[in-house]
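Beneath this line is the structure, given in structure tokens, with notes to follow.
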Amino acid sequence: MSAIPLNAPADTVKLRLEKTSISRVPRAAFFYMSELQFLWLTYNSITTIHPSSFLNLKALRELRLDGNLLSAFPWEGLRDMPRLRTLGLHNNRLSSLPAHAALFLPNVTYLDLSSNRLTTLPSELLDLWFPPPAQLAGPTKRRVLGLHDNVWQCNCQISMLLAQSKYQGSPVVLMDQLLTCSRSRGSADQLGAPLIEADLSRCQRPSVQPSATRVTSPLGSNVMLRCDATGYPTPVLTWTKAAGASIYNTECCQQPYSKADPEKLPINLDSFIQESPRVGIRWSIINLNGLSYKDAGEYRCQARNMAGTAEAPIRLRVVGVIAVPPSIKNKTRKAPSRSSSNNRKPLPQKLKREQNITSISTPKKKTLLNLKYVTPRTPTNKIQSVKMALVPTPLKEM
């Protein structure tokens, strides 16, 4: 058999294709087996798997690809298998794990990566397997990992993973705790040496140093908060704002204490920067523009690596009064109302009478009309101008 069969019953629940000459898994190879729950493609000659090979396998719970020739695995294809819990990739040719693999493995509780060519683990996978206590919303999900029979680099990450897996109640259980490692330099004396005998003195818990522990800034201004961290492996920095009353410059504006969980930053921030100039050092900056009283409070810069965590607080105080522009002041001036005019004091009777007399006794000016008329033509014809006054004609008595 050299290809995936297309005539399998649509209601197949278990499918096992083992020790065949199948070399590739095409797109939508099992599309019509929507009820499939267990798929075993072990000990074949599979070298490539299409990212969409597992379309419509929403009921699949177990996928085993042990004993093939895979040098890469399409991790994004796990999105088509939301109920997948077991993934077996034992005895392949995987040499690295991409960082984005952690995005598609949160539901997988059994992952076998043993007998491959892996040397390092991305920090994103370690954060998935060993989440910080602040991110644990419920009971810890335990995972079974197979990492043995790989030649790991002797670094702090793999050492701390081994150490934490031995703790009681650890979220990770290793199938085999005998891990071997080789130095990155490839020296013969360390090639394949047990991890417990490797020199891991470079492991260092993170240390955080903020640029300032207390910052006071005026209302409406811009402020920059920075912290630097050191440690090995290079720590990852996160910012949180402590829940509770904000720090205002006046007691009138304080809010009651809230027991809500700290809100993750950045939230409504104009910029968030995090860089690592070299191994073991990382710095981070947040910019708060147009400060308001809501921005005041305690900000915490937290550094985390496999060796531990550390954090440093920065208290931000916002002071000042909101200035009202002159244009707004002019608009807010009160105009005299009608009620105010009704409440005026009445004028004295004498003064009121004088005003009435003055207004009545003022004589009206007589209107003069200029009338022009022309007389019959004569040798000495001239235009004459007559001024006339309008005189009211008395009415006759009836």
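Using modelled atom types and a 3.5 Å distance limit, the side chains of Trp239 and Ser284 yield a donor-acceptor pair. For the residue pair Thr120/Gln153, the side-chain donor-acceptor check at 3.5 Å is not satisfied.
At distances below 3.5 Å, at least one donor-acceptor pair connects side-chain atoms of Ser276 with backbone N or O atoms of Ile281. Asn116 places a side-chain N or O within 3.5 Å of a backbone atom of Leu94 that can act as its donor or acceptor partner. Using modelled atom types, no side-chain atom of Arg317 and backbone atom of Arg315 make a donor-acceptor pair closer than 3.5 Å. With Arg143 contributing its side chain and Pro106 its backbone, the two residues share a donor-acceptor pair below 3.5 Å. For the pair Ser21 (side chain) and Met1 (backbone), a donor-acceptor distance under 3.5 Å is present. Judged by distance alone, with hydrogens and angles left aside, the side-chain atoms of Asn56 form no donor-acceptor pair with the main-chain N or O of Asp80 at under 3.5 Å. Listed for the Asp149 side chain is no donor-acceptor partner under 3.5 Å among the backbone atoms of Ser114. Between the Asp295 side chain and the Tyr293 main chain, no donor and acceptor come within less than 3.5 Å of each other.
Side-chain contact check for Trp40 versus Lys14: every heavy-atom pair is 4.5 Å or farther apart. You'll find the side chain of Thr119 stays beyond 4.5 Å of the side chain of Asn150, heavy atoms only. Residues Ile22 and Leu17 have side chains in contact (heavy-atom distance under 4.5 Å, counting atoms from C-beta outward).
A salt bridge links Asp127 with Arg304: the closest approach of a Lys/Arg side-chain nitrogen to an acidic carboxylate oxygen falls below 4.0 angstrom.
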#### Entry: Evaluation steps, side-chain contact (heavy atoms from CB on, under 4.5 Å), between Ile285 and Leu225
CA-CA 6 Å; Ile285 291 177; Leu225 306 180; over 6 Å; no
### Task
In sequence, state the C-alpha distance, the side-chain angles, and the governing distance for Asn305 and Thr234, and then conclude on side-chain contact (heavy atoms from CB on, under 4.5 Å).
CA-CA 7 Å; Asn305 63 7; Thr234 304; over 6 Å; no
#### Entry: Worked verdict on Ser170 versus Gln164 for side chain to side chain donor-acceptor pair (under 3.5 Å)
CA-CA 7 Å; Ser170 172; Gln164 293 189 24; over 6 Å; no
#### Entry: Verdict with supporting geometry, Leu288 and Asn222, side-chain contact (heavy atoms from CB on, under 4.5 Å)
CA-CA 6 Å; Leu288 301 174; Asn222 304 331; over 6 Å; no
### Message
Could you walk me through whether Asn44 and Thr20 satisfy the side chain to side chain donor-acceptor pair (under 3.5 Å) test, starting with their C-alpha distance in whole Å, then the side-chain angles of each, then the deciding distance to 0.1 Å, before giving a yes or no?
### Response
CA-CA 5 Å; Asn44 297 290; Thr20 69; 2.5 Å; yes
### Message
Does Leu316 form a side-chain contact (heavy atoms from CB on, under 4.5 Å) with Leu291? I'd like the steps, not just the answer.
### Response
CA-CA 10 Å; Leu316 174 62; Leu291 287 181; 4.2 Å; yes
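Partners of Glu124 by side chain to side chain contact (heavy atoms under 4.5 Å, CB included), not counting sequence neighbours, listed by chain and number: Ala99, Ala102, Pro122. Applying the salt bridge (Lys or Arg N to Asp or Glu O under 4.0 Å) rule to Arg226 yields the partners Asp228; only residues at least two apart in sequence or on another chain are considered. Applying the side-chain hydrogen bond (donor to acceptor under 3.5 Å, both in side chains) rule to Arg93 yields no partners; only residues at least two apart in sequence or on another chain are considered.
Enclosure of atom CD in Gln209 is not indicated, since only 12 or fewer non-hydrogen atoms of other residues, nucleotides or ligands lie within 6.0 angstrom. In Met224, the CE atom is not crowded: 12 or fewer heavy atoms of neighbouring residues, nucleotides or ligands sit closer than 6.0 Å. Other residues, nucleotides and ligands contribute only 12 or fewer heavy atoms inside 6.0 Å of the CZ atom of Arg61.
Between Asn92 and Leu70 the shortest heavy-atom distance is OD1-N, 3.1 Å. Contact detail for Leu162 and Gln177: the closest heavy-atom pair is CD1-O, 3.5 Å. Asn107 approaches Pro82 most closely through the heavy-atom pair ND2-O, 3.6 Å. Residues Ser165 and Leu174 come closest through the heavy atom pair OG-CD1, 3.5 Å. Ser53 and His50 get closest at one heavy-atom pair: OG-O, 2.8 Å. Summarising the geometry of Leu121 relative to Leu147, their closest heavy-atom pair is CD1-CD1, 4.2 Å, with the distance given to 0.1 Å.
Both Val223 and Tyr299 belong to a common hydrophobic cluster when Ile, Leu, Val, Met, Phe, Trp and Tyr are linked at side-chain heavy-atom distances under 4.5 angstrom.
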Which side-chain N or O atoms in residues 24-35 pair as donor and acceptor under 3.5 Å with protein atoms at least two apart or in another chain?
none

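Under the side-chain contact (heavy atoms from CB on, under 4.5 Å) test applied with Arg64, the options Leu89, Leu41, Thr86 reduce to a single match, Thr86. Partner Leu87 forms a side-chain contact (heavy atoms from CB on, under 4.5 Å) with one of Thr109, Leu113, Leu111, Asp112 and no other, that one being Leu111.
Among residues at least two apart or in separate chains, there is no ring-ring contact (aromatic ring centres under 6.0 Å, His included) pair with a member in residues 98-121. For residues 58-89, the set of pairs meeting the ring-ring contact (aromatic ring centres under 6.0 Å, His included) definition, not counting sequence neighbours, comprises Phe73-Trp75.
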